[in-house]
Structures are given as C-alpha cells and as structure tokens.
Amino acid sequence: SRWDCTLEPTAHPDCFAMRRGLREVRGLSNVDAAALVVARGERPFVSVDDAWRRAGVPAASLVKIAEADGFRAAMGLARREALWAIKALRDEPLPLFAAASAREQAIVPEFDEPEVTLKPMKAGREVVEDYGHTGLTLRDHPVTFLRQDLAREKFMTCAAASAGRDFQSCKVAGLVLVRQKPGSAKNVTFITLEDETGVANLVVWEQVYEKHRRAVLTSSMLGVVGRIQREGEVVHVVAYKLIDLSAELASLGGREAPFPLSHDRGDEFARGSLAPDSRDRRPRTSKASDDSSPAGHADRIKLKTRDFH
C-alpha cells in the first residue's frame, strides 16, 4: 500500500481492485508511512526487523500497522505474530547488532529465541480488531456471525425485506448506519440498517420514536418489527417496535464464523491470531498463553453512525 488508496488491474479488463491505503491505519502518521514506502521501493521487506531497520520508523508505528493486520499479505504474519515480533524492537538498534547487520548486509536479530506458536484469534475477534484499527473489515460482515441466532428469532435479512411484498409483516436486524430526522418530515425519523446482504431503510413515526427513544438513539445494532411499504422501486420498513441488539453485537469477539472466510474480496487469508500479551520490552520467552484482550485493544465493535437532525 501507499498512503492513499490505489486502483490495480485485475484479470478482467474493465474491472479494477482497490488496494487500501496506509492512511486508513488509525494513528499512523504520513511521515512514517512515507518512510516505509520509500524504503520498500528499494526492495520488498522480508521481516518486521527488516522494515524497522531500513525505514527507521519508531516501533510504535509498526505496532499500529500490525494492529491493522498490515503484515499479513507481504510477510504472512497475523496480528499477534507481528505484534510479538515488534515487542523485541527498540526505538534504536543495539550498536553491536546494528554494526553486524551493516557489515554482513543481512538482518541480525537483537534477540535469539525458539520459534513460538501463538494461539489463533477467533474469527469474530479479527473483525472486531479490523473495525477498531481501520473502521471496516474485508472479512465477513459482523451480522454474519449472529445470523443463526437472528434466524431463530425470525429476523429476516435486509435483502429479503427489500424483496418482500407491500404490507408484509417482517422482522429485520442490522448495524445502525444512519439516523436522520429532517425538519420537513413532521417528526418522522429515518434509520438505515445494514447486514451482510444489504441495507434496510426504516420509517419511525413520532409515537414509536418516543416509546423506543433510548433504542433509537443509542443502539449500535437494532432489530425492528414492522411492515414493508413499497412505492415502485423504493422500499421502506415501517417500524412498530424497535429492539436494542447491542448486547448481541458485543458478543462478536468470542464467536467463530459459521463458515470459512470468503476469498472473493481483496487480500484474505484463512485464520488470524490473538493480540499479544502485554509485556515490557525485554527478551521474549517462547510461551504465550494469555487469551485475554490486552489494554488498548477493542473488546467490541464501536460504530460511528451518521446522524442528521
């Protein structure tokens, strides 16, 4: 990646793939990203050590890239593996090893340790970390992990609701993308929900809004009981009841995908791994068994909705 997103040709002449830019990594500065791009232009990086020495960026900047899963495509390192490797780095190489590296024209690690095997991260945790560090994911949509539970509660998909007949009763659930209450709409609130199949546009009348005000204003994931209203190609769901499903969304980090990750969107891989144990910058041991999410890592998806009044 470069700083900005770029288009790349695919096997289809009229289609392009978008490579995400380093600017999407939260907290990464333009200066450090530029240093990495310039150093990489000479020859590809072969390891975390190699990127750190040649680009001369602080270890903290590499941590931000690792948290965003940026070492997976080029080096095959999942989040936890990349963060584990970065834990051995300091802001300045030790003189003895730096001199040896320069003399031998090879990477000389500052610490030599046995190869470690880190516990894989659950698929839901990977999605939570994606949202926490870049604001989106190329993996399965968050609602995919909840679909079996939603189906047991008779929630249909947004695509099914869009294809439903006029006046059909329905139950729909999804992430809250947009809330808007235009001044010209006579106190009607419009909400856009998204699941793994598409979006559903809700119409919430004033009486329903007042009854379910907390759910409308605070939910990151919302369920709705209502009926379908069709006007030509325009489809709305008129809400009768709104249900806060934020607690269900908060369980995402502990879930596995109901089926393997898809491989038709961007650079994707089979499995990731958990974030590292929090430790001091010292020579590492060969064991990692802490499955908890350390401080600084997201425990749940935090969505930034677009609200208009």
Side-chain angles (χ1 to χ4, degrees), residues 26 124 127-128 130-132 134-137 140-255 258 298-309:
R26 288 178 175 170
V127 173
V128 172
D130 284 346
Y131 272 86
T134 66
L136 56 90
T137 185
D140 288 316
H141 191 280
V143 178
T144 301
F145 297 83
L146 310 174
R147 179 53 60 192
Q148 290 182 352
D149 292 347
L150 294 173
R152 281 193 290 269
E153 298 297 324
K154 308 302 182 183
F155 284 99
M156 65 174 60
T157 65
C158 291
S162 296
R165 66 181 185 277
D166 198 16
F167 293 105
Q168 175 184 341
S169 297
C170 66
K171 290 180 69 176
V172 183
L175 307 183
V176 179
L177 295 186
V178 180
R179 304 178 183 92
Q180 51 186 326
K181 194 173 185 179
S184 59
K186 299 181 180 179
N187 287 325
V188 177
T189 301
F190 300 95
I191 301 175
T192 301
L193 302 184
E194 179 192 71
D195 69 5
E196 73 275 28
T197 68
V199 299
N201 297 306
L202 312 184
V203 174
V204 184
W205 298 108
E206 184 177 9
Q207 301 92 319
V208 178
Y209 173 88
E210 292 299 335
K211 185 176 181 180
H212 302 282
R213 182 185 182 91
R214 180 181 294 274
V216 170
L217 296 179
T218 65
S219 299
S220 52
M221 182 171 174
L222 196 61
V224 57
V225 179
R227 64 173 175 82
I228 297 170
Q229 181 182 75
R230 303 190 68 95
E231 296 180 6
E233 296 298 319
V234 179
V235 181
H236 291 93
V237 175
V238 178
Y240 297 153
K241 180 181 179 181
L242 298 166
I243 307 164
D244 187 349
L245 298 177
S246 301
E248 284 74 5
L249 182 62
S251 71
L252 182 62
R255 294 178 180 249
D299 289 328
R300 62 184 64 185
I301 289 179
K302 296 180 180 179
L303 298 172
K304 184 176 182 181
T305 61
R306 299 177 62 197
D307 299 334
F308 304 95
H309 302 281

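Atoms considered below: every heavy atom in the structure, side chains included; atoms not considered: hydrogens, waters and symmetry mates.
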- Note on the structure: Value for CE (Met156) from NZ (Lys171), rounded to nearest 0.5 Å, stands at 10.5 Å
- Query: Which heavy-atom pair separates His212 from Lys241 by the least distance, and what is that distance?
  - Reply: NE2-CA, 3.8 Å
- Query: Taking the side chain as C-beta and beyond, is there a heavy-atom pair between Leu193 and Val176 under 4.5 Å?
  - Reply: yes
- Does atom NZ of Lys211 have more than 12 heavy-atom neighbours, drawn from other residues, nucleotides or ligands, at distances under 6.0 Å? no
- Item | 4.5 Å side-chain heavy-atom contact, Val238 and Trp205 | yes
- Item | Closest non-hydrogen atom pair, Val172 against Ala200 | CG1-CB, 4.1 Å
- Item | Heavy-atom side-chain contact between Asn201 and Phe190 under 4.5 Å | no
- Query: Heavy-atom distance under 4.5 Å between the side chains of Tyr131 and Leu252, does that happen here?
  - Reply: no
- For Ala161 and Ile228, which heavy atoms make the closest approach, and how far apart are they? O-CD1, 3.3 Å
- Item | Residue pair Lys181 / Arg179, side-chain heavy-atom distance below 4.5 Å | no
- Quick one: does Tyr209's side chain get under 4.5 Å of Asn187's, heavy atoms only? no
- When rounded to the nearest 0.5 angstrom, what is the spacing between CG in Asp244 and OG in Ser220? 7.0 Å
- Look up atom CG in Leu175 and atom OG in Ser219, then write down how far apart they are to the nearest 0.5 Å. 11.5 Å
- Item | Chi angles and distances behind the side chain to side chain donor-acceptor pair (under 3.5 Å) call for Glu231, His236 | CA-CA 9 Å; Glu231 296 180 6; His236 291 93; 5.8 Å; no
- Which value, rounded to the nearest 0.5 Å, describes the distance between Glu206 atom CD and Thr189 atom OG1? 8.5 Å
- Note on the structure: Smallest heavy-atom separation, Thr137 atom then Val127 atom, equals CG2-CG1, 4.1 Å
- Query: Is Arg230 reaching over with its side chain to a backbone N or O of Phe167, donor-acceptor style, under 3.5 angstrom?
  - Reply: no
- At what distance, to the nearest 0.5 angstrom, does CG of Leu222 lie from CD1 of Ile243? 8.0 Å
- Message: Could you check whether Asp149 pairs with Arg255 (Lys NZ or Arg NE/NH1/NH2 to Asp/Glu carboxylate O, under 4.0 Å)?
- Response: yes
- Just by modelled atom types, is the Val143 backbone N or O under 3.5 Å from a matching donor or acceptor in the Asp195 side chain? no
- Message: Can you tell me how far apart CZ (Arg26) and OG1 (Thr134) are? Round to the nearest 0.5 Å.
- Response: 7.0 Å
- Nearest non-hydrogen partners of Arg147 and Glu196, listed with the distance: NE-OE2, 2.9 Å
- Message: Side chains of Leu146 and Met221, heavy atoms from C-beta outward: is any pair under 4.5 Å?
- Response: yes
- Looking only at heavy atoms, the pair that brings Val224 and Ala239 closest together is CG2-CB, 3.5 Å
